[in-house]
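A note on names: the letters A, B, ... follow the listed sequences, proteins ahead of strands, and every chain is numbered from 1.
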Number of protein chains: 2
Amino acid sequence: MPSPPLGFLLSTLASALRENTEKQLADLGLTPREYGLLWRLADGPLSQRQLGELHRIDRTTVVGLLDRLEVARLVDRTVDATDRRRHAVSITDAGRTLLESATAVVDEASSSFTAALTTAERSTLLRLLVKLLEGSQP
Amino acid sequence: MPSPPLGFLLSTLASALRENTEKQLADLGLTPREYGLLWRLADGPLSQRQLGELHRIDRTTVVGLLDRLEVARLVDRTVDATDRRRHAVSITDAGRTLLESATAVVDEASSSFTAALTTAERSTLLRLLVKLLEGSQP
DNA sequence: GCTGATAATCAGTTATGCTGACGAAATGCC
DNA sequence: GGCATTTCGTCAGCATAACTGATTATCAGC
């Protein structure tokens with residue numbers, strides 16, 4: 001039997017892992033996608049457009065996601081001084097604190113998800129996926 | 001910078017590859033998900049429930065997908081002789097013919113998607129993803 | 001200054017998946 | 001054999017999510 005198509009593997013595995021992660025994150029009041037945004041913002045502020053492109057989220061959807069995160073005081077929207085059209089989205093201290101707890105449960109979920117792999121295989125997989133991502137969004 | 005969360009990598013890459021594949025498959029009148037079902041059925045008939053579980057598609061969604069494929073004469077639904085509640089879903093000759101053409105464009109899409117990887121890396125990646133899938137749905 | 005392009009937002013539409021119910025058929029229990 | 005329970009596929013309705021197009025504010029080029 002030939003290997004399943006790459007697209008099938010990626011989307012099925014993504015769906016399975018998301019199901020696990022979703023339940024754990026729900027206790028913290030976060031969705032996986034919101035967690036992803038917080039994780040991204042930990043490296044520094046980004047515009048909404050940049051956030052959307054990096055995470056493949058439509059610009060209009062980003063608005064709603066950030067609305068919710070902002071009301072929860074997890075992120076801030078400030079007008080970018082160098083380009084007043086842009087919003088510089090940054091993570092708050094409360095956001096960082098929640099991100100820490102969330103990262104613990106996300107790591108736990110993905111560890112158990114990759115239990116069938118050895119440690120070496122797991123890091124190889126991550127390395128290849130990162131390489132793939134860098135190749136697809138240069 | 002630490003590696004992105006596994007879930008983010010999987011879902012982002014799945015989304016990016018799907019976007020590429022979608023356009024190519026549209027010329028053949030197939031969605032990526034429909035292609036996945038045809039690919040699966042090439043190995044032999046399955047019940048709708050089995051199809052849904054293997055592809056992580058809700059049972060009620062499977063109904064609609066198969067409706068469309070059946071109208072297009074790509075699959076057949078026959079009552080399973082050993083369990084008359086079940087439908088044995090099988091691929092038709094026309095379905096196999098289309099599957100061949102579709103596989104060509106899907107392979108092409110995933111090859112170009114993995115252009116940043118060496119041949120060895122590409123097969124390692126596939127091997128690890130398959131191992132992960134087998135571990136998550138035993 | 002004007003023109004065209006870009007960032008964020010909003011309203012409205014569209015697609016999508018899921019919930020709960022149903023009939024038909026199988027299984028288990030007595 | 002007869003009855004309750006479970007499973008399979010189906011359907012209608014609901015909820016959610018994403019996208020389309022338009023709008024406002026701002027910027028860059030000429």
Exercise. First locate atom CG of Leu66(A), then atom CG of Leu41(A), and finally report the distance between them rounded to the nearest 0.5 Å.
Key: 7.5 Å

Quiz item: So what is the end-to-end bend of the helix from dG1(C)-dC30(D) to dC30(C)-dG1(D), with 5 pairs used at each end and the value given to 10 degrees?
Solution: 40°

Exercise. Go through the steps for Asp76(A) and Thr78(A) under the test side-chain hydrogen bond (donor to acceptor under 3.5 Å, both in side chains), then give the verdict.
Key: CA-CA 6 Å; Asp76(A) 268 337; Thr78(A) 61; over 6 Å; no

Exercise. Would you please test His55(B) and Arg33(B) for side-chain hydrogen bond (donor to acceptor under 3.5 Å, both in side chains) and show each step?
Key: CA-CA 9 Å; His55(B) 288 246; Arg33(B) 187 181 282 189; over 6 Å; no

Quiz item: Pairs in or reaching into residues 99-121 of chain B: which pass salt bridge (Lys or Arg N to Asp or Glu O under 4.0 Å), with residues at least two apart or in two chains?
Solution: Arg127(A)-Glu121(B), Lys131(A)-Glu121(B)

Self-check item: Connected via hydrophobic side-chain network under 4.5 Å: Leu54(B) and Leu51(B)
Solution: yes

Exercise. Residues of residues 11-27 of chain B with any non-hydrogen atom less than 4.0 angstrom from an atom of DNA chain C: list those, numerically ordered, please.
Key: none

Quiz prompt | Heavy-atom check, side chain of Tyr35(A) versus side chain of Pro5(B), under 4.5 Å | solution = yes

Quiz item: Is there a donor-acceptor contact under 3.5 Å linking the side chains of Gln48(A) and Arg86(A)?
Solution: no

Quiz item: What is the per-nucleotide protein-contact pattern of nucleotides 9-22 of chain D, from the 5' end, where B denotes a base atom under 4.0 Å from a protein heavy atom, S denotes such proximity for sugar-phosphate atoms only, and - denotes neither?
Solution: SBB------SBBBB

Could you list the donor-acceptor pairs under 3.5 angstrom formed between side-chain atoms of residues 18-28 of chain B and any protein atom two or more places apart in sequence or on another chain?
unit_1	atom_1	unit_2	atom_2	d
Glu19(B)	OE1	Arg56(A)	NH2	2.7
Thr21(B)	OG1	Leu17(B)	O	2.8

Exercise. Please lay out, stage by stage, how Val89(A) and Leu46(A) fare under the test side-chain contact (heavy atoms from CB on, under 4.5 Å).
Key: CA-CA 5 Å; Val89(A) 184; Leu46(A) 290 171; 5.7 Å; no

Quiz item: Checking side chain to side chain contact (heavy atoms under 4.5 Å, CB included) against Leu37(B), which of Val75(B), Val62(B), Ile57(B) comes through?
Solution: Ile57(B)

Quiz item: What are the 5'-most and 3'-most nucleotides of DNA chain C lying under 4.0 Å from any heavy atom of chain A?
Solution: dA5(C) to dC10(C)

Self-check item: Test: Arg73(A) and Asp93(A) ion pair at under 4.0 Å
Solution: no

Quiz item: So do the side chains of Ser110(B) and Arg122(B) get within less than 4.5 Å of each other, counting heavy atoms only?
Solution: yes

